[in-house]
2 protein chains.
Amino acid sequence: MPTYKFFALYKKPEDVPAFLEHYENVHAPLARKIPGLQKLVVNRITANAFGGDAPYFLIAEMHFESKEDFDAAMASDENRATGKDAMQFAKGLITGLVAESD
Amino acid sequence: MPTYKFFALYKKPEDVPAFLEHYENVHAPLARKIPGLQKLVVNRITANAFGGDAPYFLIAEMHFESKEDFDAAMASDENRATGKDAMQFAKGLITGLVAESD
């Protein structure tokens, strides 16, 4: 059964503590309200494996059980609120990718 | 308990079928031999959520149970062989990131 995911890749913000404070206390709680969300996985990037600065600071994954759940989630008011929040606190830092996984 | 991950982000290759053929039949089997690997998750990117072309075509995740397992895996001959293969078939396409996840 494939899993449907939304990946949010965040570049490093200027103010890391303020970003994390908002992410943990406002953004992640908003995301966790999205209907059909199986889990939110937050990956903190610790290094660029091939040297130099890592192009991202944090990669979040929202997992959904089916394409139908994913589509319904994306169309929800809760997702709209989460996206609106991201466009504010992570403006210019976020890349959003849709994925299908085995 | 945190999970330790290696993310491999691949840009879209020129020859998608040849890339996938190599990925599935050569690269993924090499990666699966890396000692301590809990699982290899292959995420096929289907869309850029915010419009336009997606900056990546495929995101692979290698999961490890602990920092010790991760470090041992990275130092293994099997990882060296996997990395060498990546540097050939995915030269210029791959970004490797180390992450810690909840």
Side-chain angles (χ1 to χ4, degrees), chain A residues 1-12 20 23-24 28 32 34 39-64 67 70-71 73-75 79-80 82-84 86-87 90-102, chain B residues 1-12 20 23-24 28 32 34 39-64 67 70-71 73-75 79-80 82-84 86-87 90-102:
Chain A
M1 281 272 287
T3 296
Y4 290 81
K5 292 185 189 171
F6 186 99
F7 278 98
L9 290 70
Y10 297 91
K11 290 183 197 165
K12 191 171 184 174
L20 288 177
Y23 189 87
E24 287 162 20
R32 289 200 176 90
I34 295 173
K39 61 176 172 175
L40 172 69
V41 180
V42 179
N43 305 282
R44 297 174 297 284
I45 306 301
T46 58
N48 184 336
F50 306 138
D53 288 336
Y56 304 105
F57 160 73
L58 192 149
I59 296 179
E61 310 164 38
M62 295 196 295
H63 293 221
F64 299 91
K67 181 78 166 61
F70 179 84
D71 290 344
M74 291 300 113
N79 185 54
R80 218 171 339 266
T82 305
K84 189 177 170 188
M87 289 305 135
K91 192 171 155 58
L93 300 175
I94 188 172
T95 296
L97 300 173
V98 182
E100 192 177 327
S101 318
D102 292 324
Chain B
M1 281 270 290
T3 296
Y4 291 80
K5 292 187 191 171
F6 186 100
F7 278 98
L9 290 69
Y10 296 91
K11 290 183 197 166
K12 192 171 185 174
L20 288 177
Y23 189 86
E24 286 162 19
R32 289 199 176 92
I34 295 172
K39 61 176 173 175
L40 171 69
V41 179
V42 179
N43 305 282
R44 296 174 298 283
I45 306 301
T46 58
N48 184 336
F50 307 139
D53 289 336
Y56 304 105
F57 160 74
L58 192 147
I59 296 178
E61 310 164 38
M62 295 196 295
H63 294 220
F64 298 91
K67 181 77 167 63
F70 178 84
D71 289 343
M74 290 301 112
N79 185 53
R80 217 171 341 265
T82 306
K84 191 177 168 187
M87 288 306 134
K91 192 171 154 60
L93 300 175
I94 188 172
T95 297
L97 299 174
V98 182
E100 191 176 328
S101 317
D102 293 322

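All values below were derived from every heavy atom in this structure, side-chain atoms included, with hydrogens, water molecules and symmetry-related copies excluded.
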Contact summary for [X] and [Y], nearest pair of heavy atoms:
| X | Y | answer |
| --- | --- | --- |
| A:Ala49 | B:Phe6 | CB-CE1, 3.3 Å |
| A:Leu97 | B:Asn48 | CD2-CA, 4.2 Å |
| B:Asn43 | A:Ala99 | CB-CB, 4.0 Å |

Close side-chain approach of B:Leu9 and A:Tyr56, heavy atoms under 4.5 Å: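 Yes. Closest side-chain heavy atoms under 4.5 Å.
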
Side-chain heavy atoms of A:Phe50 within contact of B:Ile94, under 4.5 Å: yes

Reported CD-to-CD1 distance for the pair B:Glu61 and A:Ile59, which is rounded to 0.5 angstrom: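 CD1 of A:Ile59 is found 8.5 Å from CD of B:Glu61.
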
Nearest-0.5 Å distance that lies between atom NZ in B:Lys5 and atom CD1 in A:Ile45: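 Going from the NZ atom of B:Lys5 to the CD1 atom of A:Ile45 covers 9.0 Å.
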
Which portion of B:Phe7 sits near chain A, non-hydrogen atoms under 4.5 angstrom: side chain

Top contributor to chain B interface from A:Gly83, A:Pro55, A:Ala54, A:Gly96 [non-hydrogen pairs under 4.5 Å]: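 With the most close heavy-atom pairs to chain B, the winner is A:Gly96.
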
